[in-house]
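Quick caveat: nothing in here was measured; it's all calculated off a predicted structure.
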Amino acid sequence: MIEQWSEFNVAMAGATAALAGLVIVAASVNIGEIVKSRTLTARLLAGIAALVLALTVSALGLVPRIDGVWLGTLTLVSALLASVFQIHATRLIARDTDPADRARPLKYLVGFLPIAAYLVAGVFVAVGHPVGLYLAAAGCLLAIVSAIVVSWVALVEVLR
């Protein structure tokens with residue numbers, strides 16, 4: 001079952017690794033403005049963590065003869081680690097004194113989507129249900145979208 005996803009995993013491992021590097025470069029363009037924000041550095045870190053999660057799960061899916069129990073378990077562990085960064089960003093946004101930050105839950109809820117997809121995927125993969133791999137694919141794509149949104153904020157919105 002996992003072997004059928006090898007081409008997807010190869011493509012996503014490459015894409016997420018490249019995008020993680022681009023997010024870091026994008027952040028460096030406006031680093032002076034970004035570090036002035038109480039929340040943006042944490043949001044960028046959470047976005048990068050989501051990409052690293054996608055990279056990790058895609059790479060694990062390429063390990064020869066990995067079984068579903070191992071892949072599912074490692075997906076769960078990886079998603080839990082990535083959630084630490086998203087929870088930290090969420091706490092900072094919720095505590096921010098700027099009402100615009102507190103009033104926009106989308107600033108942090110979007111970041112939980114790939115993590116949630118990977119958490120559910122990990123359970124399904126571990127128990128051998130094929131829907132788990134589709135959920136992992138959805139998590140990967142959501143991580144990419146989430147990172148692009150955060151990158152846009154770091155490149156453009158921070159200067160407004």
Side-chain angles (χ1 to χ4, degrees), residues 1-28 34 39-96 101 104-155:
M1 169 172 77
I2 297 168
E3 297 81 21
Q4 296 171 332
W5 286 84
S6 64
E7 288 184 38
F8 178 83
N9 285 330
V10 166
M12 291 303 103
T16 55
L19 191 52
L22 288 173
V23 170
I24 293 168
V25 170
S28 70
I34 291 169
T39 62
L40 192 52
T41 53
R43 288 173 58 201
L44 277 166
L45 182 56
I48 293 167
L51 286 172
V52 171
L53 169 61
L55 169 61
T56 301
V57 174
S58 295
L60 287 169
L62 294 170
V63 173
R65 292 186 293 277
I66 190 167
D67 68 6
V69 174
W70 271 109
L71 180 58
T73 302
L74 293 172
T75 297
L76 281 168
V77 170
S78 299
L80 289 171
L81 288 171
S83 72
V84 169
F85 298 101
Q86 188 60 45
I87 290 168
H88 175 66
T90 301
R91 284 183 177 161
L92 287 177
I93 292 168
R95 292 180 186 157
D96 197 342
D101 274 340
R104 295 201 175 109
L106 281 179
K107 287 186 174 185
Y108 53 86
L109 290 179
V110 169
F112 282 109
L113 293 176
I115 295 167
Y118 276 117
L119 287 170
V120 177
V123 172
F124 278 110
V125 169
V127 299
H129 198 289
V131 75
L133 295 172
Y134 290 97
L135 288 168
C140 186
L141 298 174
L142 287 167
I144 290 170
V145 170
S146 177
I148 289 171
V149 169
V150 171
S151 297
W152 177 260
V153 171
L155 280 171

| said: Within the 4.5 Å heavy-atom criterion, are Ile87 and Phe112 side-chain neighbours or not? | reply: yes
| side chain to side chain donor-acceptor pair (under 3.5 Å) pairs, two or more places apart, involving residues 5-24 | none
Within this structure, what is the [atom1]-[atom2] distance for the pair [X] and [Y], rounded to the nearest 0.5 Å?
{"X": "Ile93", "Y": "Arg95", "atom1": "CD1", "atom2": "CZ", "value": "12.0 Å"}
{"X": "Leu62", "Y": "Ser58", "atom1": "CG", "atom2": "OG", "value": "7.5 Å"}
{"X": "Leu141", "Y": "Phe8", "atom1": "CG", "atom2": "CZ", "value": "5.0 Å"}
{"X": "Arg43", "Y": "Gln86", "atom1": "CZ", "atom2": "CD", "value": "9.5 Å"}
{"X": "Leu51", "Y": "Leu19", "atom1": "CG", "atom2": "CG", "value": "5.0 Å"}
{"X": "Leu109", "Y": "Leu113", "atom1": "CG", "atom2": "CG", "value": "7.5 Å"}

Do you know which two heavy atoms are closest between [X] and [Y], and how far apart they sit?
{"X": "Gly72", "Y": "Val125", "value": "N-CG1, 3.6 Å"}
{"X": "Leu55", "Y": "Ala13", "value": "CD1-O, 3.3 Å"}
{"X": "Ala49", "Y": "Ala82", "value": "O-CB, 4.0 Å"}
{"X": "Ala121", "Y": "Ala136", "value": "CB-N, 3.5 Å"}
{"X": "Gly47", "Y": "Ala147", "value": "O-CB, 4.2 Å"}

Testing [options] one by one against [X] for a side chain to side chain contact (heavy atoms under 4.5 Å, CB included), which residue passes?
{"X": "Leu71", "options": "Ile66, Leu76, Val63", "answer": "Ile66"}
{"X": "Val153", "options": "Ile34, Leu44, Leu40, Ile148", "answer": "Leu40"}
{"X": "Ser151", "options": "Ile48, Val23, Leu22", "answer": "Val23"}

| Partners passing ring-ring contact (aromatic ring centres under 6.0 Å, His included) against Phe85 (at least two apart in sequence or in another chain) | none
| request: Evaluate side chain to side chain contact (heavy atoms under 4.5 Å, CB included) for Val57 paired with Met12, printing each intermediate quantity in order. | output: CA-CA 9 Å; Val57 174; Met12 291 303 103; over 6 Å; no
Do side-chain atoms of [X] reach the backbone of [Y] as a donor and acceptor pair under 3.5 angstrom?
{"X": "Ser146", "Y": "Ala143", "answer": "no"}
{"X": "Gln4", "Y": "Ile2", "answer": "no"}
{"X": "Tyr118", "Y": "Leu80", "answer": "no"}

